[in-house]
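Following: one structure in structure tokens, then a few remarks.
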Amino acid sequence: MRGDPVPPTDNLALHCQPNSGIEVNPEGQPVGVTREAFRVDDDGISTNWIEYDNGDFSSVCLILASIRTVRKSHRVGLLTVADTIAVGQATNKAITVEHDPIDVPPNPGHALIKGVAPTDEPVLDELALYVVIREFSPASLQAR
Amino acid sequence: MSASAIPVGDVVAGEALLRSHSFAEPNSGKAWIREYSLAANSCFGCTASVVISPLDPFRTGGTEPSIVGLSTGSARTDRGLAAVGLSEGVEAFVERVPPPSLSAARDLPFGPACDVFNRSMQLDGRPLAATPASPTILKSPFETCLEILQARRGLLAEKQLTSLQRQVSFLLLPEGAPSVSTGSLNGLIDFIGRHKPVAHPNLSLTRNGKFAASWSSGPRAKVTLTFDRDGGDWVGMDLTKAPAVRASGAFVIDSLAGLTQPFKSWVQT
């Protein structure tokens, strides 16, 4: 339910794009993200709770593809709730992760990382170090 | 010659004249494609204009472009197309093709792209229209960056140039970036040329179009330099140490003095 904390054992997904935050190695392959991958709004950083409603990586890919334009060059950034909270502790910020379902467009697994301001660049830099990126599932790319 | 093997900028010897310029995607103001005009074999008297998307290394794994549209200037399309090895029956003009069709086709290799155009365009046997007149010539951020890299390649080792081209291609293709700081790219080139780091950095873009280069000594240890023309800002973290090491500051292109250890050594080695 809205406002409920997301369990520390669970995972968050971010939609990452080449021209804002994806880092590529000398071979031109995406290997990580920078702080630019986080969209920090007034209410927090938008993510998707992967395990919401017994979801998994494939289902969150389909959800992201249903509400955004996803391309082969895009990536899903994965961040554990535990690491997110740990970054807060390490940087003396009260970071929490809360369930924040959205009705329009439908995104019942939406979650917010709260406690991080747009100007908290050191925190965002540290969060970025914990993000692991994966390609979108083939099914989600075909669904676009 | 297979049309799908025509490299960007190359000339098909003996039978074709290649001329490239960029088109704006209709109604978007965004340039992302190149047109090649091929004067086909004189036996067929056909002129074909082939629209080829920019290099997309992460799709093809190399340098092969994808042909996403075709227009012809002659009613003798089929034989003319066959003469240059192109698919028959494609009658799309860049300026006439509806944007959704362009968007749907541009990620596809040549064959499926032609299928998309075949389905989207009405093939009623009417005489084919002339080649587009007065195309809007816009240079995309990707093209601008590639030109800068080419123009300044003398400052870079071959491997560095190749890596930057690959990285810029991924970051700016296929959807491009709203804008890119050419000053930032020039600063990055100057920095790499000046300091010649043994390890080539990872590269990213900031939301305001600046290039950021990072060097890492491990999974949770990274220094990132964000470039302006004459220098920029850096931030370093090493979370593997207890306590964790964090630092930031400004730097100038010609000197690493603005960076503190251990981050300076990560850039140098």
* Asked: Is the closest side-chain heavy-atom distance between A:E121 and B:V235 below 4.5 Å?
  ->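 Contact flag for A:E121/B:V235 side chains = no.
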
* To do: Select one option (side chain, backbone, both, neither) describing which atoms of B:P243 are under 4.5 Å from chain A's heavy atoms.
  =>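 Neither part, no heavy atoms under 4.5 Å.
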
If you measure from [atom1] on [X] to [atom2] on [Y], what distance do you get to the nearest 0.5 Å?
{"X": "A:Q17", "Y": "B:L205", "atom1": "CD", "atom2": "CG", "result": "12.0 Å"}
{"X": "A:S20", "Y": "B:L171", "atom1": "OG", "atom2": "CG", "result": "10.0 Å"}
{"X": "B:T226", "Y": "A:R35", "atom1": "OG1", "atom2": "CZ", "result": "6.0 Å"}
{"X": "A:T34", "Y": "B:N202", "atom1": "OG1", "atom2": "CG", "result": "11.0 Å"}
{"X": "B:L203", "Y": "A:I22", "atom1": "CG", "atom2": "CD1", "result": "12.5 Å"}

* Would you mind checking which part of A:A37 comes under 4.5 Å of any heavy atom in chain B, side chain (CB onward), backbone (N, CA, C, O), both or neither? =>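 Looking at A:A37, just its backbone touches chain B.
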
* How about B:S214 and A:E23: does a side-chain donor come under 3.5 Å of a side-chain acceptor? ->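 Indeed, the side chains of B:S214 and A:E23 share at least one donor-acceptor pair under 3.5 Å.
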
* Asked: Counting heavy atoms not belonging to B:R246, are there more than 12 under 6.0 Å from its CZ?
  -> yes

* Is the number of heavy atoms from other residues, nucleotides or ligands under 6.0 Å of B:Q150 CD greater than 12? ->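 It does: B:Q150 CD has more than 12 such atoms within range.
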
* Structure fact -> Interface check, chain A: of B:R207, B:H200, B:Q167, most non-hydrogen pairs under 4.5 Å belong to B:R207

